[in-house]
Amino acid sequence: MVQHVIDGAALPYAPDKLPRKDVCGVDGFLAVDLRVGTVLAAEPFPQARKPAYRLRVDFGPVVGVLETSAQVTHYPAAQLIGRRVVGAINLGEKRIAGFKSQFLVLGALAPDGRVHLLSPDADGGAPPDGAPIA
């Protein structure tokens, strides 16, 4: 299993340290259900081994509200409420410290491992919650 590491000294996610991944093909990419959602709640998750929040995200009328654990504590919790995010919603559930994480919120990794959340561009009108990522 891949372990996410935040290490300001070793910089494990520096672009010059990361080789390109193997080809997964278009079918592999299209199998992942990526959707736009809005963060409804962000609460500290002290039971997690690494600093994290429990996020509740609305993915629109078909998918509804899903929850996840996310290591994004460099954002103040209040700043996350109302933020638009991108989530992979069909990877299966994972139990984290007794909590059922239902999706993976997506972000870009800084060289030190901090996650910078991806969000849809609002130019020309924001896509609605549940909009697929193409």
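Reckoned from all heavy atoms, side chains included, excluding hydrogens, waters and symmetry mates.
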**Asked** Got a sec, which residues hit side chain to side chain contact (heavy atoms under 4.5 Å, CB included) with Lys21, two or more places apart in sequence or on another chain?
**Response** none

**Pro111: side chain to side chain contact (heavy atoms under 4.5 Å, CB included) partners, not counting sequence neighbours** = Leu11, Ala14, Pro15

**Request:** Report yes if the side chains of Leu117 and Val105 come closer than 4.5 Å at any heavy-atom pair, otherwise no.
**Result:** yes

Which pairs would a plain distance check flag for residues 96-104, meaning a side-chain donor or acceptor within less than 3.5 Å of a matching protein atom at least two apart in sequence or in another chain?
| from | atom 1 | to | atom 2 | distance (Å) |
| --- | --- | --- | --- | --- |
| Ser101 | OG | Thr68 | OG1 | 2.9 |
| Ser101 | OG | Ser69 | N | 3.3 |
| Gln102 | OE1 | Glu67 | N | 2.8 |

Table please: side-chain donor-acceptor pairs of residues 25-43 below 3.5 Å, with sequence neighbours left out.
| from | atom 1 | to | atom 2 | distance (Å) |
| --- | --- | --- | --- | --- |
| Asp33 | OD1 | Arg35 | NE | 2.7 |
| Asp33 | OD2 | Arg35 | NH2 | 3.4 |
| Arg35 | NH1 | Gly130 | O | 3.1 |
| Thr38 | OG1 | Arg84 | NE | 3.0 |
| Thr38 | OG1 | Asp129 | OD1 | 2.7 |
| Thr38 | OG1 | Asp129 | OD2 | 3.2 |

**Asked** Would Val63 and Ile89 count as a side chain to side chain contact (heavy atoms under 4.5 Å, CB included) if you check the C-alpha gap in whole Å, the side-chain angles of each, and the deciding distance to 0.1 Å?
**Response** CA-CA 9 Å; Val63 176; Ile89 65 169; 3.7 Å; yes

**Message:** According to side chain to side chain donor-acceptor pair (under 3.5 Å), does anything in residues 105-119 pair up with another residue at least two apart or in another chain? List the pairs.
**Reply:** none

**Verdict with supporting geometry, Leu80 and Leu55, side chain to side chain contact (heavy atoms under 4.5 Å, CB included)** = CA-CA 9 Å; Leu80 294 172; Leu55 301 180; 4.1 Å; yes

**Asked** Do the side chain of Tyr53 and the main chain of Ala77 share a donor and acceptor less than 3.5 angstrom apart?
**Response**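 Yes, the answer is positive, given that a donor and an acceptor are paired below the 3.5 Å cut-off.
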
**Message:** If I compare all heavy atoms of Pro120 with all of Val86, which pair ends up nearest, and what's the gap?
**Reply:** CD-CG2, 4.4 Å

**Item:** Over 12 foreign heavy atoms within 6.0 Å of CZ, Arg56
**Value:** no

**Fill in**
The remaining residues in the hydrophobic cluster of Val62, counting side-chain heavy-atom contacts under 4.5 Å among Ile, Leu, Val, Met, Phe, Trp and Tyr, are none

**Prompt:** Going only through I, L, V, M, F, W and Y residues with side-chain contacts under 4.5 Å, is there a path from Tyr75 to Val115?
**Reply:** yes

**Prompt:** Is there a path from Phe45 to Val57 through hydrophobic residues (I, L, V, M, F, W, Y) whose side chains come within less than 4.5 Å of each other?
**Reply:** no

